[in-house]
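Before any comments, here is the structure.
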Number of protein chains: 2
Amino acid sequence: MDELAQSDPSPAAETRWALARAATLCEQRGTRLTDLRKRVLEIIWSSPVPLGAYAILDVLRDDGRQGAPPTVYRALDFLLEQGLIHRLATLNVFTGCRRPDSFHGGQFLICRDCGQVDELNNPTVEALLRAEAASRRFDALSQMIEVLGRCPECRREAESHAR
Amino acid sequence: MDELAQSDPSPAAETRWALARAATLCEQRGTRLTDLRKRVLEIIWSSPVPLGAYAILDVLRDDGRQGAPPTVYRALDFLLEQGLIHRLATLNVFTGCRRPDSFHGGQFLICRDCGQVDELNNPTVEALLRAEAASRRFDALSQMIEVLGRCPECRREAESHAR
DNA sequence: TCCGTTATGTTATAAAGTAACAATTGCTAT
DNA sequence: ATAGCAATTGTTACTTTATAACATAACGGA
């Protein structure tokens, strides 16, 4: 199992899957998924929308844990390095990665209204961009694709209000 | 003329082209390219690398102009709305748009080392992403693609140092 | 020329991210 | 087991990026 199934599992099941997968991957790689890092990953997966660093920090504090910004940012850096989360630069938020086994560029649909995110996986797009880079002798290290717009629910919502 | 020629004009010529094009477009659209907005656009085009808002503000102050952050951000908002510049979210910087006539998503190669930026224009990628969005009933408003890596010069540089 | 709209000036503050150093934890080799 | 080293976390202070709110000025049509 290296990809989260598309069968729309419950959020709690997704979170369990992500944590278990992360633990396995870190063990294989000889990196340490500490309590703090695991908790940050859990917080990210437990949220229906991507969270900013300070929102994560608030949850940690609610846990009763001590913490300052560097606490969160260091955990986030680790999770990013391990490919367990993505950072959405246009919104300064973080979201769990659904295919943490293969390092890959992020492809996201981001709802401008509700903040929900859908992760795409279009290998053709990735290949085309790699080819564009190569043709310009550019050494591509990472790809980030962020499509901003409106998710189906918010779209329906907006249309019903318009009437 | 609706696209900056690929024949590698001088930076000064590029800047002149961009300012003239912007003036025409704004007139056509009935929007006002004021002195401040024009100057900010000129500052952006005159720089070999994309600039952050505060770097632009520094130049404005060197001009002898009064100014605070909102001064710059408002001008930038206008230029973004008009499609005259792009914002590179991963770096919090702004760069001139080479095809300001057609609103379009940005596709960029960004050099991690020197900060230089190359704007791509791959309609296939754009169409594929639009199709992905549509198949999920997602209403796509804008696409942002940022490929981070190393430009040919910095690549050569790095390789020569490695020896 | 008056008036409403749009743009800019100004002050203050919010939000996001990092530097630097101290304290702690965990692992390894004796 | 334990000394010593490396990795992680705690803590303080700060930098950078961005916006809110309100005052002033410029512009453009009745």
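Chain A is the first sequence line, chain B the second, and so forth, proteins listed ahead of strands; every chain is numbered from 1.
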Checklist entry - Of all residues at least two apart in sequence or in a different chain, which pass the side chain to side chain donor-acceptor pair (under 3.5 Å) check with B/D77? => result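 With neighbours one apart ignored, the set is empty.
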
Checklist entry - Got a sec, which residues hit side chain to side chain donor-acceptor pair (under 3.5 Å) with A/E132, two or more places apart in sequence or on another chain? => result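 Side chain to side chain donor-acceptor pair (under 3.5 Å) list for A/E132, sorted by chain: A/R136, B/N122.
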
Check salt bridge (Lys or Arg N to Asp or Glu O under 4.0 Å) between [X] and all other residues, then give those that pass, not counting sequence neighbours.
X: B/R130; result: B/E126
X: A/D58; result: none
X: B/R39; result: B/E42, B/D63

Item to check | N/O donor-acceptor pair under 3.5 Å between B/S47 side chain and B/I43 backbone | outcome: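 No, the answer is negative, given that no donor and acceptor are paired below the 3.5 Å cut-off.
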
Checklist entry - Hey, is the main chain of A/I110 close enough, under 3.5 Å, to the side chain of A/E146 for a donor-acceptor pair? => result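 Such a contact is absent between A/E146 side chain and A/I110 backbone.
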
Checklist entry - Got more than 12 heavy atoms from elsewhere within 6.0 Å of CZ, B/R137? => result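 No - once you tally the heavy atoms of other residues, nucleotides and ligands closer than 6.0 Å, there are 12 at most.
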
Item to check | Where DNA chain C forms stems, i.e. three or more consecutive Watson-Crick or G-U pairs with both distances under 3.5 Å | outcome: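 In DNA chain C, stems of three or more pairs: C:1-30 with D:1-30.
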
Next on the checklist: My understanding is that a hydrophobic cluster links ILVMFWY residues whose side chain heavy atoms are under 4.5 Å apart, including indirect links. Using that, what else belongs to the cluster containing A/L141?
Outcome noted: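 Via sub-4.5 Å side-chain contacts, A/L141 links to none.
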
Checklist entry - Along DNA chain C, 5' to 3', what are the outermost nucleotides having an atom less than 4.0 Å from a heavy atom of chain A? => result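 Counting from the 5' end, contacts occupy C/dA16 to C/dG26.
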
Item to check | Protein-to-nucleotide contact annotation, 5' to 3' order, nucleotides 15-22 of chain D [B base; S sugar-phosphate only; - none; under 4.0 Å, heavy atom] | outcome: --BBBBB-

Checklist entry - B/L41 and B/L79: which non-hydrogen atoms are nearest, and at how many Å? => result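 B/L41 and B/L79 have their closest heavy atoms at N-CD1, 4.0 Å.
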
Next on the checklist: Any residue in residues 24-44 of chain A with a heavy atom nearer than 4.0 angstrom to DNA chain C? Just list them by number, or reply none.
Outcome noted: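 Nucleic-acid contacts, sorted: A/R32.
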
Checklist entry - Under the ring pair (Phe, Tyr, Trp, His ring centres under 6.0 Å) rule, what pairs show up with a residue in residues 49-97 of chain B, not counting sequence neighbours? => result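 Sorted result for residues 49-97 of chain B: B/H86-B/H104, B/H86-B/F108.
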
Checklist entry - Applying side-chain hydrogen bond (donor to acceptor under 3.5 Å, both in side chains), which residue pairs with at least one partner in residues 105-114 of chain B are found, sequence neighbours left out? => result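 Qualifying pairs, neighbours excluded: B/D113-B/R150.
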
